[in-house]
Every structure is written in C-alpha cells, then in structure tokens.
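A short write-up of the structure that comes next.
Residue numbers start from 1 in every chain, and the chains themselves are labelled A, B, ... in the order their sequence lines are given, proteins ahead of strands.
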Protein chains: 2
Amino acid sequence: MNTQFKKGVLDLCVLNQLIREDRYGYELTELISRELEVTAGTLYLILKRIKDDGYVTTYLRESDSGPARKYYHLTEKGRDYLQKQKAEWLEFLEKAGKLLA
Amino acid sequence: MNTQFKKGVLDLCVLNQLIREDRYGYELTELISRELEVTAGTLYLILKRIKDDGYVTTYLRESDSGPARKYYHLTEKGRDYLQKQKAEWLEFLEKAGKLLA
DNA sequence: AATTACTATATTGCAATACATAATAGTATG
DNA sequence: CATACTATTATGTATTGCAATATAGTAATT
C-alpha cells in the first residue's frame with residue numbers, strides 16, 4: 001500500500017475510533033490495521049502527537065492479560081479538531097477527484 | 001489546506017493531466033492550483049521525480065510569449081503506473097472511509 | 001518447581017519520502 | 001525598466017516505516 005496516502009489521514013482514523021468510547025493503544029493498533037497496514041510504532045507516535053496537541057487525555061488501567069493499558073480519551077478540543085479535519089478531508093477529496101477524473 | 005493530505009496524490013493529479021495531451025510545467029502549475037493549493041517549486045519537484053522514474057519524457061518548444069516551454073509526455077510506463085496507483089488510491093479511500101464513518 | 005517461550009502492551013531512534021517556502025534566473029513585451 | 005511567463009534549486013518540516021527494546025502475565029516444557 002502506498003505509504004504516502006496515509007499521511008494526515010491516519011490520525012483522523014485514530015481519533016474517530018475514540019468518539020464513542022475510550023480505547024487503549026494496542027487495541028487501536030489492531031482496529032486500524034484491520035483496514036490499513038500500520039505498524040505499532042507509527043500508531044504510538046500518532047498517539048503521542050494527539051496527546052501533545054491536547055486532542056486526547058490518557059489514563060492507565062490494569063489488564064488481566066498483560067501490562068497495564070493506557071487508555072485514550074477524546075477531549076472537546078479533539079472532537080472539534082476531528083470534525084473540522086474530516087470536513088477538510090472531504091473537501092480535499094472532492095477537489096482531487098476533479099483532477100483525477 | 002492540510003499539507004499532508006496531498007502526499008502521494010499530487011503526482012497522480014499531475015500524471016492524470018497528461019493522459020490526453022502533452023503539457024508544460026507552468027501550465028500544469030496553473031491547472032493543478034485551480035483546485036489544490038500548490039506552489040511551483042513543489043510541482044517542478046514532482047515533474048523531476050516522474051521524469052527520473054520514467055513516467056514521462058520531456059522536450060522543449062519555443063513559446064511566443066516568453067521562454068521556451070518544457071513539455072511533458074506520458075510514457076507507456078507512466079500510463080501503467082497511473083492506472084495502478086489510481087486503483088490503489090480508490091481502494092485506500094474505501095478502507096479509510098470505513099475508519100472515518 | 002524452574003526455565004522457556006509466547007502474547008499483550010508500550011516506547012523510542014533512525015531512515016526515507018514528499019510537500020512548503022523562498023530564492024534565483026532567463027526571455028519576451030509593454 | 002517593470003512585469004508576466006517559464007524553469008530550477010536549496011533548505012526546512014512533517015509523517016510514516018522499520019527495527020529494536022522493555023515489561024508483565026500465561027502457557028508449555030523440562
């Protein structure tokens with residue numbers, strides 16, 4: 001899969017998984033990679049980024065099947081960002097679509 | 001406009017403009033930037049890349065309104081590449097779409 | 001029981017790629 | 001001379017890929 005296509009969209013995919021419920025990193029890795037080829041390293045970098053940007057907050061919770069899980073929670077700022085970026089993405093698709101028609 | 005969204009798609013947009021006729025760089029810059037925000041520098045880098053990759057050939061032709069124009073011609077290899085990448089792009093959109101729904 | 005191996009989970013460093021920005025330069029025309 | 005047309009290149013930045021590391025449980029093997 002063309003690596004470049006994912007640039008900028010991957011973080012939206014991640015944020016979008018957090019709309020309804022908090023999830024932990026490993027879980028997100030599995031979820032996303034069901035559709036797109038993504039390695040854990042890439043995912044965790046994205047998680048770090050969206051946390052640094054204030055789009056998510058995190059908290060630890062023990063697991064009964066391994067190390068503690070770090071859960072990610074979408075903030076109001078993250079929700080706003082996601083909404084606006086999704087709109088921009090659709091707008092981009094429309095314009096690019098014209099050039100690719 | 002989110003800079004990252006364009007990664008990997010811009011060169012397809014350029015190649016796609018060459019399907020029916022040869023075009024020169026400045027012309028392509030104008031064409032593409034009607035839809036997407038792109039500067040000449042970026043466009044010329046892409047043109048250099050797709051030429052190095054053998055997707056286009058070039059030739060000079062004088063203009064009656066300025067310096068000579070460098071025309072870009074899509075090769076058979078470029079046509080193949082474009083077709084495959086467009087298919088991959090659509091496939092990517094479908095998968096990303098699921099994650100963004 | 002002790003050792004080993006494997007799964008679940010998180011993190012980090014370095015390399016590669018593509019776009020942005022800005023500067024340069026040459027030709028023709030008003 | 002100023003401006004529009006045309007092409008090129010250098011430097012910076014952001015995002016992903018790949019690979020390695022680390023830790024805690026669980027299962028398997030000796």
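- Listed by residue number, there are no residues of residues 82-93 of chain A with a heavy-atom contact under 4.0 Å to DNA chain C.
- A heavy atom closer than 4.0 Å to some atom of DNA chain D occurs in Gly41(A), Thr42(A), Leu45(A), Ile46(A), Arg49(A), these being the qualifying members of residues 40-54 of chain A.
- For Ala40(B), the side chain to side chain contact (heavy atoms under 4.5 Å, CB included) partners at least two apart in sequence or on another chain are Thr29(B), Tyr44(B).
- Applying the salt bridge (charged side-chain N to carboxylate O under 4.0 Å, His left out) criterion to Lys70(B), with sequence neighbours excluded, gives no partner residue.
- When only modelled atom types and interatomic distance are considered, Gln4(A) and Lys7(A) share a side-chain donor-acceptor pair under 3.5 Å.
- When the side chain to side chain contact (heavy atoms under 4.5 Å, CB included) test is applied to Lys84(A), no partner is found at least two apart in sequence or on another chain.
- Looking at every heavy atom in both residues, Cys13(A) comes nearest to Leu36(A) through SG-CD1, 4.4 Å.
- Put simply, CZ on Arg69(A) is 8 Å from C1' on dA8(C), counting in whole angstrom units.
- Counting heavy atoms from C-beta outward, Ile19(B) and Leu82(B) have side chains that approach closer than 4.5 Å.
- If you take NZ of Lys70(A) and C1' of dT11(C), they are 9 Å apart, rounded to a whole angstrom.
- When DNA chain D is scanned in the 5' to 3' direction for atoms under 4.0 Å from non-hydrogen atoms of chain B, the outermost contacting nucleotides are dC5(D) to dT15(D).
- Within the 4.5 Å cutoff, the side chain of Gln85(A) has no heavy atoms near those of the Leu15(A) side chain.
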Contacts under 3.5 angstrom, residues 89-101 of chain B side chains, donor-acceptor by atom type, not counting sequence neighbours:
from, atom 1, to, atom 2, distance (Å)
Glu91(B), OE2, Lys95(B), NZ, 3.2

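- A side chain to side chain donor-acceptor pair (under 3.5 Å) with Asp22(A) is found for exactly one of Tyr71(A), Tyr59(A), Tyr72(A), namely Tyr59(A).
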Scan nucleotides 27-30 of chain C against the protein and return all N/O pairs shorter than 3.5 Å with their distances rounded to 0.1 Å.
from, atom 1, to, atom 2, distance (Å)
dT29(C), OP1, Asp64(B), O, 3.4

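- For Arg23(B), the salt bridge (charged side-chain N to carboxylate O under 4.0 Å, His left out) criterion is met by Glu21(B), Glu27(B), not counting sequence neighbours.
- In summary, the side chains of Tyr81(B) and Asp53(B) do not present any donor paired with an acceptor at a separation below 3.5 Å, with no hydrogens or angles considered.
- The end-to-end axis angle of the helix from dA1(C)-dT30(D) to dG30(C)-dC1(D), rounded to 10 degrees and based on five pairs per end, is 10°.
- Glu37(B) comes within 4.0 angstrom of sugar-phosphate atoms only, judged by non-hydrogen atoms across all strands, and of no base.
- Heavy-atom distances under 4.0 Å link DNA chain D to Tyr24(B), Gly25(B), Tyr26(B) of residues 15-32 of chain B, given in residue order.
- In this structure, Tyr71(A) atom OH and dA8(C) atom P are separated by 14 Å, rounded to whole Å.
- Within the nucleic acid shown, Lys7(B) comes within 4.0 Å of at least one base atom, counting heavy atoms only.
- Backbone-only engagement by Thr3(B) is indicated by non-hydrogen atom pairs under 4.0 Å involving sugar-phosphate atoms exclusively.
- Here Glu37(B) pairs with Met1(B), Lys6(B) under the side chain to side chain contact (heavy atoms under 4.5 Å, CB included) rule; sequence neighbours left out.
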